[in-house]
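Quick note: residue numbers are just sequence positions, from 1.
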Amino acid sequence: QVQLVESGGGLVQPGGSLRLSCAASGSIFSIYVMGWYRQAPGKQRELVARMTSNGNRHYTGSVNGRFTIFRDNAKNTVDLQMNNLKPEDTAVYYCNEVPATFSWGQGTQVTVSS
């Protein structure tokens, strides 16, 4: 069973940047499509970025051009670089396979506010 641990969240002003990290246990991480999801208060969890094992990236429209997903299959990590953050990016961010099949980690809170 893969376990996921997210980190790197925090409070940032609009226009700022954060880099989130996800560490995954398990020996077959490299075969999965991995993604970053987020859940804002009162809203459903949504997928914002995903990356295939061979490096193809896809983003939801609202973050396209601002967020970049990275993965290191050797280290079993997947990161999310977030630039030009907006208040509407405020949410708890999670990583998981796409579609999500692993147990969810605790997530990491991102708050964008002045």
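In this structure, T60 has no side chain to side chain donor-acceptor pair (under 3.5 Å) partners at least two apart in sequence or on a different chain. Every side chain to side chain donor-acceptor pair (under 3.5 Å) that Q39 has, sequence neighbours left out, goes to R45. Shown here are the side chain to side chain donor-acceptor pair (under 3.5 Å) partners of R66, two or more places apart in sequence or in another chain: D89. Q3 meets the side chain to side chain donor-acceptor pair (under 3.5 Å) test with no other residue; sequence neighbours excluded.
For residues 96-114, no residue pair satisfies the salt bridge (Lys or Arg N to Asp or Glu O under 4.0 Å) rule, not counting sequence neighbours. The list of disulfide (SG to SG under 2.5 Å) pairs with a residue in residues 32-69, not counting sequence neighbours, is empty. Residue pairs that meet the salt bridge (Lys or Arg N to Asp or Glu O under 4.0 Å) test with at least one member in residues 79-88, sequence neighbours left out, are R19-D79. Applying the ring pair (Phe, Tyr, Trp, His ring centres under 6.0 Å) test to pairs two or more places apart or on separate chains, those with a residue in residues 87-114 are Y32-F102, Y37-W104, Y94-W104. For residues 101-113, the set of pairs meeting the salt bridge (Lys or Arg N to Asp or Glu O under 4.0 Å) definition, not counting sequence neighbours, is empty. Residue pairs meeting the ring pair (Phe, Tyr, Trp, His ring centres under 6.0 Å) criterion with at least one member in residues 50-89, sequence neighbours excluded, do not occur. For residues 44-114, the pairs satisfying disulfide (SG to SG under 2.5 Å) are C22-C95, with sequence neighbours left out.
Here the CZ atom belonging to R71 is positioned 9.5 Å from the OG1 atom belonging to T77, to the nearest 0.5 angstrom. Rounded to the nearest 0.5 Å, atoms CD (Q81) and OG (S17) are 6.0 Å apart. E6 contributes atom CD, which lies 8.5 Å from atom CG of N96 (distance to the nearest 0.5 angstrom). Here the CD1 atom belonging to I69 is positioned 12.0 Å from the CG atom belonging to N56, to the nearest 0.5 angstrom.
Residues V92 and T108 form no side-chain contact, since every pair of their non-hydrogen atoms from C-beta on lies 4.5 Å or further apart. Looking at heavy atoms from C-beta onward, V5 lies in side-chain contact with Q106 at the 4.5 angstrom threshold.
The backbone N or O of V2 sits nowhere less than 3.5 Å from a side-chain atom of S25 that would complete a donor-acceptor pair.
When all heavy atoms of W36 and V78 are compared, the closest pair comes out as CZ2-O, 3.4 Å. For the residue pair M34 and L4, the shortest heavy atom distance occurs at CE-CD2, 4.3 Å. Pairing each heavy atom of P14 with each of S113, the nearest pair is CD-C, 3.6 Å.
Under the 4.5 Å side-chain heavy-atom criterion for ILVMFWY residues, a single connected hydrophobic cluster contains both V48 and V12.
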Should L47 and V98 be marked as a side chain to side chain contact (heavy atoms under 4.5 Å, CB included) after you check the CA-CA gap, both sets of side-chain angles, and the distance that decides it? CA-CA 8 Å; L47 175 67; V98 180; 3.8 Å; yes
Residue pair R38, V63: steps toward the side chain to side chain contact (heavy atoms under 4.5 Å, CB included) verdict: CA-CA 12 Å; R38 68 185 180 188; V63 309; 3.9 Å; yes
Evaluate the criterion side chain to side chain contact (heavy atoms under 4.5 Å, CB included) for residue pair L85 and L18; output intermediate values, then yes/no. CA-CA 8 Å; L85 283 160; L18 283 173; 4.2 Å; yes
